[in-house]
Amino acid sequence: EAQVTQNPRYLITVTGKKLTVTCSQNMNHEYMSWYRQDPGLGLRQIYYSMNVEVTDKGDVPEGYKVSRKEKRNFPLILESPSPNQTSLYFCASSNPGTGYEQYFGPGTRLTVT
Amino acid sequence: SQKIEQNSEALNIQEGKTATLTCNYTNYSPAYLQWYRQDPGRGPVFLLLIRENEKEKRKERLKVTFDTTLKQSLFHITASQPADSATYLCALDQGSNYKLTFGKGTLLTVNP
């Protein structure tokens with residue numbers, strides 16, 4: 001089954017404790033992206049990657065890091081999480097060569113206390 | 001500044017009627033515009049894409065129009081059903097084909 005998976009699905013952590021949210025897709029997509037979704041603010045792009053080793057900032061990159069060492073994986077790293085990073089996070093992938101629609105993962109609900 | 005507005009936060013309609021959702025944008029020149037459906041706590045699901053040179057696109061009970069002069073897209077669901085209740089998001093590219101910007105969404109409720 002074609003899908004985007006994220007782990008963990010739920011995470012409660014404390015301020016300053018480094019964490020990684022993994023994202024993996026099995027569709028051989030070139031493009032991957034991370035979004036956060038907050039009430040009243042909608043979906044906002046954090047980082048995106050056009051292909052392996054090629055990443056760029058989205059609209060709200062502060063406090064986040066990403067890497068794209070393999071085509072299928074695009075982890076999101078929070079080096080020193082803060083309470084304002086409490087949010088619902090989505091990973092997405094697409095293949096611009098065959099269509100621009102994005103396939104989203106199930107989401108990761110992160111709470112930073 | 002660039003802005004995408006879905007001009008209804010919430011829309012309530014009766015089953016069987018046509019739902020019409022609006023997406024307006026300013027200071028963008030998108031090559032295409034997309035519509036997604038999102039259920040509570042779940043990731044958005046792609047519905048339709050319409051390109052700048054297309055006026056209208058249909059898929060089953062869904063219809064999208066795109067007016068680049070008015071800078072507006074309309075999303076229609078005909079013969080609406082309670083199962084159509086969800087949040088609908090519009091998204092447009094920023095010209096690079098790699099960045100999508102989403103509107104805040106319209107929560108549609110179809111009452112039986």
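The shown structure was predicted, so the numbers you read here are calculated from the model rather than taken from an experiment. Just so it is clear: chains get the letters A, B, ... in the order the sequence lines come, proteins before strands, and each one is counted from 1.
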In the single-linkage hydrophobic clustering (I, L, V, M, F, W, Y; side-chain heavy atoms under 4.5 Å), do B/Leu47 and B/Leu74 co-cluster?
no
Residues, nucleotides or ligands: over 12 heavy atoms within 6.0 Å of B/Glu9 CD
no
With the 4.5 Å side-chain cut-off for hydrophobic clustering, are A/Leu88 and A/Tyr48 part of the same group?
yes
Shortest non-hydrogen contact from B/Leu100 to A/Gln102?
CD1-NE2, 3.2 Å
If you take all heavy atoms of B/Gln34 and A/Glu101, which pair is closest and at what distance?
OE1-CA, 3.7 Å
Is it the case that more than 12 heavy atoms not belonging to A/Ile12 sit under 6.0 Å from its CD1 atom?
no
Nearest-0.5 Å distance, NZ of residue B/Lys104 to CG of residue A/Asp38
11.0 Å
For B/Glu60, does the CD atom have more than 12 heavy-atom neighbours from other residues, nucleotides or ligands under 6.0 Å away?
no
Considering only heavy atoms, which portion of B/Leu48 lies under 4.5 Å from any heavy atom of chain A: side chain, backbone, both, or neither?
neither
Do A/Tyr35 and B/Phe102 have ring centroids that are under 6.0 Å from one another?
yes
Using a 4.5 angstrom heavy-atom cutoff, name the option from A/Arg109, A/Gln6, A/Gln37 with the most pairs to chain B.
A/Gln37
Check whether more than 12 heavy atoms from other residues, nucleotides or ligands sit under 6.0 Å from atom CZ of B/Arg42, and answer yes or no.
no
Is B/Thr87 close to chain A through its backbone or its side chain, or both, or neither, when contacts mean heavy atoms under 4.5 Å?
neither
